[in-house]
Amino acid sequence: MSNSMIIGQYVPGESFVHRLDPRSKIAIIFFFVLIVFFANSVMSYGLLALFAIGAAASSKVPLPYIMKGLKPVWFLIIFTFLLHLIVTKEGDVLYNLWGWKIYEEGLVQGAAISLRFFLLILVTSLLTLTTTPIEITDAIEELLGPLKKIRFPVHELALMMSISLRFIPTLMQETEKISKAQASRGVDFRTGSFKDRIKAVIPLLVPLFVSAFKRAEELAMAMEARGYRGGEGRTKLRELSISKLDYYLYALFILLIIGLFLTRS
Amino acid sequence: MNQSSKLFRLIILALFGSISMVLMLVNFPLPMLPPYLKIDFSEIPALIAAILFTPVAGIVVEGLKNTLYLIYTGAADPVGVVANFTAGVLFVVPVAMIYHKFKSTKSLVSGLVIGSIIMTVAMSVLNYFLVLPAYSWFMGWETMSASVKWTTIIAGILPFNALKGIIVGTLFVLLFAKMEPWLKQKRVRSSTAA
């Protein structure tokens, strides 16, 4: 653990994508993920790519940040591409490299599937890049709202999510502090046998849990003192609202779907 | 249960969810295993919650951990997140059920052993029928043949889950022995008033 581990991906901004309602973003991404699987021609993939890359560009998130989000999956994208290139043996032979033949179909399929994968990851990571975790939680609470009818504790879960999100940075710091404090007392986390290293985790975990209880007691008391009494009739500091921008997005997305079905073969 | 201990329980589970997520980020890959199988201690808070309260509390912590992870890292690997959640639930729930039935340290140890076995067996079966096909569908790979799936499971997934069960279980027993008196006191307090 070090300062280089900044968690969360949110990049603040004022762009079109940032200002969209998080509910719209989640819904559109959900449908985008579904329609990606319907694309089967060059034109239909082109349209989807245009939409996804257009969205990424209009978000004004600097390219390095977007690339960082894609980093864990580059390997998979390239691996998938190569796998198709090697395994698929249909169509004309395009190139013969010392007996290793590259077939046309393999190239086409590999490219199509890597592109599909790339688009999926690009669009979903755009959500976490342009939306704060707390906005995502609020949006999930709203979208799950109908489940309240079957007595699913939507409000309670959303409250827990926002408390968790609030405390992640605090607990990260605390973990680091405790591990330094224990290291200064001679606990060795880095060397030693596997068993020793597992044992070394105990003095790290005990204070973490004890302080969690202390914090929870304090927070519960503070919330009660301010009159918290469950989700009934609770008002919010940040209200979500659907604006003109969201309607533009819906219109654009419907055009994309129509275009997709016209261009697919 | 009165309102304030309900709120306390809600908050403590939320904090356990965050601890779980933090512990998940400090995972360390084991030698010999492929990099996508990583051992971490994120099951520990869920175990404590399930032992302290109910098995459902353990499921809630597991759910929180994975949702937080998904929100923070972006949805690059949704299949892995769902698989992690399932494995966690399959491990934590049997342990807590056995412990709550007998309430002794011995039952905790046998619970951890049974939990590890259930998780290992069930995850191998689920990988064969659901997780690996889901991966190959998601990545657009050719459907894996039965023998490829079996090799992956025997060489990777089965030993991984067994090892995870052993490591997390050992750590938990050691931790629980240290924290038991304190936890008992907390249990009494949180079930009367917080």
Side-chain angles (χ1 to χ4, degrees), chain A residues 1 5 7-9 69-70 72-73 76 80 83-84 87 109 112-114 116-117 120-121 124-125 127-129 133 136-137 140 156-157 159-168 170-172 175 195 198-199 201-202 205-206 208-210 212-213 215-217 219-221 223-224 228-230, chain B residues 3-23 25-26 28 30-31 35-36 39 41 44-45 48 60-61 63-65 67-68 70-78 137-142 167-168 170-171 174-175 177-179 182-183 186 189-190 194:
Chain A
M1 246 178 316
M5 202 157 102
I7 81 162
Q9 297 184 304
L70 293 171
V73 289
L76 281 172
T80 305
L83 197 74
H84 274 276
V87 173
Q109 274 190 30
I113 284 157
S114 311
R116 175 161 92 193
F117 196 49
L120 288 176
I121 304 300
T124 44
S125 63
L127 175 74
T128 44
L129 283 167
I136 297 178
T137 309
I140 294 174
E156 280 75 10
L157 286 178
L159 179 72
M160 285 165 76
M161 276 294 292
S162 25
I163 293 174
S164 294
L165 287 168
R166 158 68 186 78
F167 279 102
I168 283 179
T170 316
L171 287 166
M172 298 268 305
T175 312
K195 206 176 125 224
I198 289 173
K199 268 189 163 168
V201 183
I202 293 171
L205 290 179
V206 174
L208 214 52
F209 286 120
V210 173
F213 267 89
R215 268 186 226 280
E217 275 168 17
L219 185 57
M221 210 180 287
M223 283 174 76
E224 301 252 284
Y228 174 81
R229 53 190 155 69
Chain B
Q3 174 69 45
S4 72
S5 70
K6 202 181 145 205
L7 178 61
F8 173 76
R9 209 182 253 210
L10 227 104
I11 297 173
I12 198 76
L13 290 185
L15 291 180
F16 276 22
S18 326
I19 295 180
S20 200
M21 151 88 174
V22 171
L23 291 177
L25 291 176
V26 291
F28 53 103
L30 282 180
Y36 56 88
I39 297 265
F41 302 124
I44 300 278
I48 295 189
V60 170
V61 173
L64 273 174
K65 169 187 85 175
T67 320
L68 291 169
L70 204 62
I71 290 182
Y72 265 109
T73 58
D77 179 15
W137 176 78
F138 187 71
M139 311 289 183
W141 296 339
E142 308 286 311
I167 293 173
V168 173
T170 317
L171 179 65
L174 295 172
L175 186 72
K178 282 227 161 72
M179 293 186 75
W182 184 80
L183 282 174
K186 287 292 157 189
R189 278 200 61 192
S190 63

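What you are looking at is a predicted structure, and each value in this text was computed from that prediction instead of being measured.
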Which distance, rounded to the nearest 0.5 Å, do you find between the CG of B:L23 and the CE of A:M172?
10.5 Å
Quick check: closest heavy atoms across B:L15 and A:A212, and the distance to 0.1 Å?
CD1-O, 3.2 Å
A:L159, part contacting chain B, at a heavy-atom distance under 4.5 Å:
side chain
For B:V22 and A:T175, work out which heavy atoms get closest and say how close.
CG1-OG1, 3.6 Å
For the candidates A:L127, A:T170, A:L219, A:L157, which exhibits the highest count of non-hydrogen atom pairs separated by less than 4.5 Å from chain B?
A:L219
What about the rings of A:F209 and B:W182, do their centers lie closer together than 6.0 Å?
no
Would you say that A:E217 contacts B:I11 through its side chain, given a criterion of any heavy-atom pair below 4.5 Å between the two side chains?
no
Search all heavy atoms of B:L10 against all heavy atoms of A:M160 and return the closest pair with its distance.
O-CG, 3.6 Å
Looking at every non-hydrogen atom in both residues, tell me the closest pair between B:L7 and A:A220 and how far apart they are.
CD2-O, 3.8 Å
For the atom pair CG (B:L70) and OG1 (A:T124), what is the distance rounded to the nearest 0.5 Å?
9.0 Å
Which of B:I48, B:L68, B:L13 touches chain A most, by non-hydrogen pairs under 4.5 Å
B:L68
Can you name the nearest heavy-atom pair linking B:A14 to A:S164, along with the distance?
O-OG, 2.8 Å
A:L205 and B:L171 have their tightest heavy-atom pair at CD1-CD2, 4.1 Å
Which bit of A:L208 is near chain B, if near means a heavy-atom gap under 4.5 Å: side chain, backbone, both or neither?
both
Hey, could you give me the CZ/CZ distance between A:F167 and B:F16, rounded to the nearest 0.5 Å?
13.5 Å
Among B:V60, B:T67, B:I19, the residue with the most heavy-atom pairs under 4.5 Å to chain A is B:I19
Measure the spacing between NZ of B:K178 and CD1 of A:I202 and express it to the nearest 0.5 Å.
5.0 Å
